[in-house]
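One structure is given here, and the rest of the page talks about it.
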Amino acid sequence: MGGTFDPVHYGHLVTAEAARAEYNLQQVIFVPTGRPPHKEKIEISNAEDRLLMTTLATLTNPYFDVSRADIDRPGLTYTIDTIEDLRRVYGPDATLYFITGADALLEILTWKDAARLVDMCQFIAASRPGYSLSLLEKALGRFFTEKRQAFHLLEVPALAISSTDIRERVRSGRPIQYLLPETVAYYIIKNRLYTRRSA
Ligand code: NAP
């Protein structure tokens, strides 16, 4: 499961658990991005903070794990490298699913080695209800129709929660309780994330 996780919230956790149940996954590995190429001009929190928050959030679920793969790899973070790293760890016979937000996948044609990437894993596009795969079809055109088997849609009502909204809430002193695990909320407060320049 790839994402910036700045911060991780219940939308992500519900998505991971729903994907696990729906696709009978043995494990969901959260992979916080290192340096996302499309966010070079956007301030994101320190990688270690995002990794620690993700670790705190996933601690109690025995099927969840967290990987430092993207954070430790030098240079910009490309999903093709993430999948290659995971393939090396789990071997040629493992079926890999890359779970992420459906909106992020709308841009997949701009990702490094997109065609090869789509041949290397399946994609689970997480969205709130009402989203349709036709949006992906519209954005990706023939690429999508040809690789249709690789894309799955997962509707998650809890994705009404968003990291952007949580950051804005912290900045403006509004409550974040019940949007994310308490431990993550404490981590944000204790480390003064989103109220100071933290990148
Ligand atoms: P983003 O553009 O920040 O997010 C787009 C939307 O998807 C947001 O609404 C976001 O909500 C949601 N989202 C992101 N991750 C999610 C997840 N795991 N589960 C459910 N919703 C999710 O996306 P991003 O976080 O930067 O990138 C997502 C993944 O795509 C990362 O693993 C990244 O490395 C990969 N990616 C790869 C390339 C490339 O290879 N060139 C380029 C772009 C992205 P929240 O903000 O609430 O999470």
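Remember, it's 1-based here, ligands and their atoms both numbered in the order they're listed.
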Out of the candidates L56, V8, I188, L13, only one should pair with L180 under the side-chain contact (heavy atoms from CB on, under 4.5 Å) rule; please name it. I188

Could you find the nearest protein heavy atom to atom 16 (C) of ligand 1 and give me its residue, atom name and distance? G101 N, 3.5 Å

What I want to know is whether H12 and ligand 1 share at least one N or O pair that is separated by under 3.5 angstrom. yes

Is the contact between S163 and ligand 1 made by the side chain, the backbone, both, or neither, using heavy atoms and a 4.0 Å cut-off? both

Within the structure, is a non-hydrogen atom of F5 found at a distance of less than 4.0 Å from ligand 1? yes

Considering non-hydrogen atoms of the protein only, which is the closest contact for atom 1 (P) of ligand 1, and what is the distance? K39 NZ, 3.8 Å

Note: E43-R167 ion pair, threshold 4.0 Å (strictly below): no

Option set F30, F123, W111, criterion heavy-atom distance to atom 30 (O) of ligand 1, minimum: W111

Donor-acceptor pair, R148 side chain versus F151 backbone, under 3.5 Å? yes

Please report whether atom 33 (C) of ligand 1 has a protein non-hydrogen atom at a separation of less than 4.0 Å. yes

Is it possible for you to check whether R171 lies under 6.0 Å from the centre of the six-membered ring of Y194, through NZ or CZ, and within 45° of that ring's axis? no

Looking only at N/O atoms, are A126 and ligand 1 under 3.5 Å apart anywhere? no

In Å and rounded to the nearest 0.5 Å, what is the CD to CG distance from E22 to L154? 6.5 Å

Assess K112 for proximity to ligand 1: is some non-hydrogen atom of it under 4.0 Å away? yes

Give yes if a backbone or side-chain nitrogen or oxygen of H9 is under 3.5 Å from a nitrogen or oxygen of ligand 1, and no if not. yes

Identify the protein heavy atom lying closest to atom 37 (C) of ligand 1, giving its residue, its atom name and the separation to 0.1 Å. T79 OG1, 3.0 Å

Atom 19 (N) of ligand 1: closest protein heavy atom, distance to 0.1 Å, is M1 CE, 3.2 Å

Can a salt bridge be assigned to the pair R128 and E155 using a cut-off of 4.0 Å between side-chain N and carboxylate O? no

Among T33, D103, L105, L154, whose heavy atom sits nearest atom 6 (C) of ligand 1? D103

Considering only protein heavy atoms, which is closest to atom 5 (C) of ligand 1, and at what distance to one decimal place? A104 N, 3.9 Å

Which residue owns the protein heavy atom closest to atom 2 (O) of ligand 1, what's the atom, and how far is it? H38 NE2, 3.8 Å

Under 3.5 Å between some N or O of ligand 1 and some N or O of S162? no

Mind checking whether H12 and F5 have ring centres under 6.0 Å apart? yes

Taking only heavy atoms of F98, which atoms of ligand 1 are found under 4.0 Å from at least one of them? 32 (O)

Enumerate the side-chain hydrogen bond (donor to acceptor under 3.5 Å, both in side chains) contacts for residues 92-101, please, sequence neighbours excluded, ordered by first and then second residue. none

Assess the residue pair E137 and R142 against the criterion (salt bridge (Lys or Arg N to Asp or Glu O under 4.0 Å)); give the C-alpha distance rounded to whole Å, side-chain angles, the decisive distance to 0.1 Å, and a yes or no. CA-CA 8 Å; E137 189 173 3; R142 231 177 66 190; over 6 Å; no

How would you list, by chain and number, every residue that makes a side-chain contact (heavy atoms from CB on, under 4.5 Å) with P157, sequence neighbours excluded? P129

Nearest protein heavy-atom contact for atom 18 (N) of ligand 1: which residue, which atom, what distance? G2 O, 2.9 Å

Side chains of Y187 and D49 only: does a donor on one sit below 3.5 Å from an acceptor on the other? yes

Which bit of L159 is near ligand 1, meaning a heavy atom under 4.0 Å away: side chain, backbone, both or neither? side chain

Identity and separation of the nearest protein heavy atom to atom 24 (P) of ligand 1: T4 OG1, 3.5 Å

Would you sort out whether D70 and T82 count as a side chain to side chain donor-acceptor pair (under 3.5 Å), showing the intermediate values? CA-CA 6 Å; D70 281 2; T82 315; 2.8 Å; yes

Atom 9 (O) of ligand 1 protein-contacted, heavy-atom criterion under 4.0 angstrom: no

Is any NZ, NE, NH1 or NH2 atom of the basic residue among E84 and R116 found under 4.0 Å from an Asp or Glu carboxylate oxygen of the other? yes

